[in-house]
Amino acid sequence: METEVKKLDIDIEQERQKAVELIKKQGLRVLVCNGTGCIANGSNEVMEKFRELGADVSILSEHDKMTTVPTGCHGFCEQGVLVIIPDFDITYVKVKPDDVEEIVNSHIKDGKAVERLLYTDPKTGNHVYKNEEINFYAKQTRTSLKNCGEINAECIDEAIAVGGYRALAKVLEQNNPEAVIEEIEKSGLRGRGGGGFPTGRKWRFTAANRGGKSYVVCNGDEGDPGAFMDRSVMEGDPHKLLEGMAIAGFAIGADEAYIYVRAEYPLAIKRLRIAIKQAEEKGFLGKNIMGSGFNFDIHIKEGAGAFVCGEETALIASIEGERGMPRPKPPFPANCGLFGRPTLINNVETLANVPAIIDTGAQWFSSFGTETSKGTKTFALTGEVNNTGLIEVPMGTTLREIVFDIGGGIRNGKKFKAVQIGGPSGGCLTEEHLDLPMDYDNLIKAGAMVGSGGLVVMNEDTCIVEVARFFMHFTQNESCGKCVPCREGTKNMLKILEKIVRGQGEMKDLDTLEELALAVKEGSLCGLGKTAPNPVLSTLKYFRDEYIAHIKDKRCPAGVCTALKVIKINEELCKGCTKCARNCPVGAIEGTVKNPHKINQEKCIKCGACISACPFKAISQA
């Protein structure tokens, strides 16, 4: 394809220099995390306190001004509210409004750090001053999350100052859509939404239908329990997403796009709307972008929070105003998608990687990761681990590095048991997988999947059967009901799992469970149904003994399943004080004053009220 280099109306480097100068005029920058998690912990009040005290310039020793900057999520959610002062190279954690005056007077005015507000390493017990030395951040490599926590997401100048829209200017100036697709192909970027389909190949399939109306759709639905990777990008660096979408639109010949984001993400929606308006005013979106002749408009579609709308054809139906239900493929969206036109669908993280690939080069991006899984991947690290939050690491990083280095190990010195990766669509990994390189292919071989990136760490006190039941309950509720294997199969799998955790299971139930799981996996119409059995199949594979204990021994090894708990009174320790009987809500405790009591197991509802009431620790649960 013959192309002609274009001279743009906007000099992006000149715009960047102007933006950098504006930031310099802010003086001392105090970055306060203003992501959803920290807002819930009071970051708005922390910011107001900094602004109130910062108005007094006499407190500043080396600067003539102090600016409090609300940022997106820093990732280290458990330690919020987080406050970073870049000029002092220091990070404060768990900051409350009442702490602000001490930070201002002690550190900003007198140069003495407030040690009690520094992060404490759980392994050494030492205070850590610098972000890059906190073990949670030390082994991360950030691409899509690079600016989250570093810039004001509601200020386009801050995005431009760190290189925003430079990649878009580059592709518009070079005016070669084919070269853009080739660069994405060479980078090895694969879809970060769960399937791992090669991004460049998807772009090429869609571009093959160039000539008429086509669309770009960003999937920001993110329905996995505990997953908040895409939300953090939309809240913390929305301009990076908009730029990635515009580059994708230029590459495939689309002039219109939709961001599909669930209504439960109000802050993300607010900041996306602000970002779109700012980009249009700057000439980075809309008609004749940067004088290139390229038109690209972006709309926001708020979803109702249906997990099935993460599937691309269900998402398309929802944007069109129909009920979010998948349809058979082919035709694929690349040929017949939104409003019957060719449509490119990528998720937020995938598109957020695009500007860096174009700006820095495919070779740079592909230098991270493994042979078949290039670049970095974000994970929401949650559960029984010391450091929880949002992380981004090179593909191929081992589970051991994530859990024990970045995550700081298991809480309270407990033993590692497993992780559930990929949410309801994923599977369990065990101790034998700790040194497994985490990439698309290795995880599939292990019976799991990357998914969107949820990573729930479990310790020895976790009941694996209950975990499987929880995820099956979620997917059964979220099934759209269109196809029989998913609608009926997940319902019956859930019934069996509930039967087992109630202590009513039979050994033949395990065979039925596996048979149903394989039928649902093979026969379901969309990805929700095809992956719904994964948590059950993987836990049956690696923790079958726990299922057997629930069925044969009528015992939950972790002591979690209420129906299998047995509460007993140690007659040698019981003084007959009657406190347990007085606190039992169902009258299950029998005995007389000053004589050992007994529990009527038929009446006992295992609520544990008697254990809490006993002053002699004579009552225990097994």
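Side chains of N135 and Y119: a donor on one and an acceptor on the other come within 3.5 Å. Side-chain atoms of T398 and E401 form a donor-acceptor pair, as typed in the model, at a separation below 3.5 Å.
Note on K377 versus E349: salt bridge recorded, some NZ/NE/NH1/NH2 to OD/OE distance being below 4.0 Å. Between K499 and E506 there is a salt bridge, since a side-chain N of the basic residue sits under 4.0 Å from a carboxylate O of the acidic one.
Residue pairs meeting the salt bridge (Lys or Arg N to Asp or Glu O under 4.0 Å) criterion with at least one partner in residues 457-470, sequence neighbours excluded, are K414-D461, E466-R469. Screening residues 125-144 for ring pair (Phe, Tyr, Trp, His ring centres under 6.0 Å) gives F76-F136, F76-Y137 as the qualifying pairs, with residues at least two apart or on separate chains.
Residues P533 and M493 are in side-chain contact: their nearest non-hydrogen atoms beyond the backbone lie under 4.5 Å apart. When side chains are defined from C-beta on, I421 counts as touching L443, because their heavy atoms get closer than 4.5 Å.
Within a 6.0 Å radius of NZ in K598, other residues, nucleotides and ligands contribute 12 heavy atoms or fewer. A 6.0 Å sphere centred on NZ of K579 holds no more than 12 heavy atoms belonging to other residues, nucleotides or ligands. For E515, the CD atom is loosely surrounded, since the number of other residues' heavy atoms within 6.0 Å does not exceed 12. Residue E132 qualifies as enclosed at atom CD: its count of foreign heavy atoms under 6.0 Å is above 12.
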**Request:** Before giving the answer on side-chain contact (heavy atoms from CB on, under 4.5 Å), spell out for R116 and E102 the whole-Å C-alpha distance, their side-chain angles and the decisive distance to 0.1 Å.
**Result:** CA-CA 11 Å; R116 69 179 183 84; E102 186 177 357; 2.8 Å; yes

**Item:** D439 and V450: CA distance, side-chain angles, deciding distance, side-chain contact (heavy atoms from CB on, under 4.5 Å) verdict
**Value:** CA-CA 7 Å; D439 64 18; V450 172; 6.0 Å; no

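In this structure, Y547 has no ring-ring contact (aromatic ring centres under 6.0 Å, His included) partners at least two apart in sequence or on a different chain. Partners of E78 by salt bridge (charged side-chain N to carboxylate O under 4.0 Å, His left out), not counting sequence neighbours, listed by chain and number: R411. With sequence neighbours left out, the salt bridge (charged side-chain N to carboxylate O under 4.0 Å, His left out) criterion links R271 to E154.
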In residues 516-529, what donor-acceptor pairs under 3.5 Å come from side-chain atoms, sequence neighbours left out?
{"residue": "K521", "atom": "NZ", "partner": "N534", "partner atom": "OD1", "Å": "2.6"}
{"residue": "S524", "atom": "OG", "partner": "V520", "partner atom": "O", "Å": "2.7"}

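Rounded to the nearest 0.5 Å, atoms CZ (F470) and OG1 (T475) are 10.0 Å apart. In this structure, the separation between CG on D441 and OG1 on T372 is 3.5 Å, given to the nearest 0.5 Å.
Of the candidates T141, T397, T378, T376, T376 is the only one forming a side-chain hydrogen bond (donor to acceptor under 3.5 Å, both in side chains) with E392.
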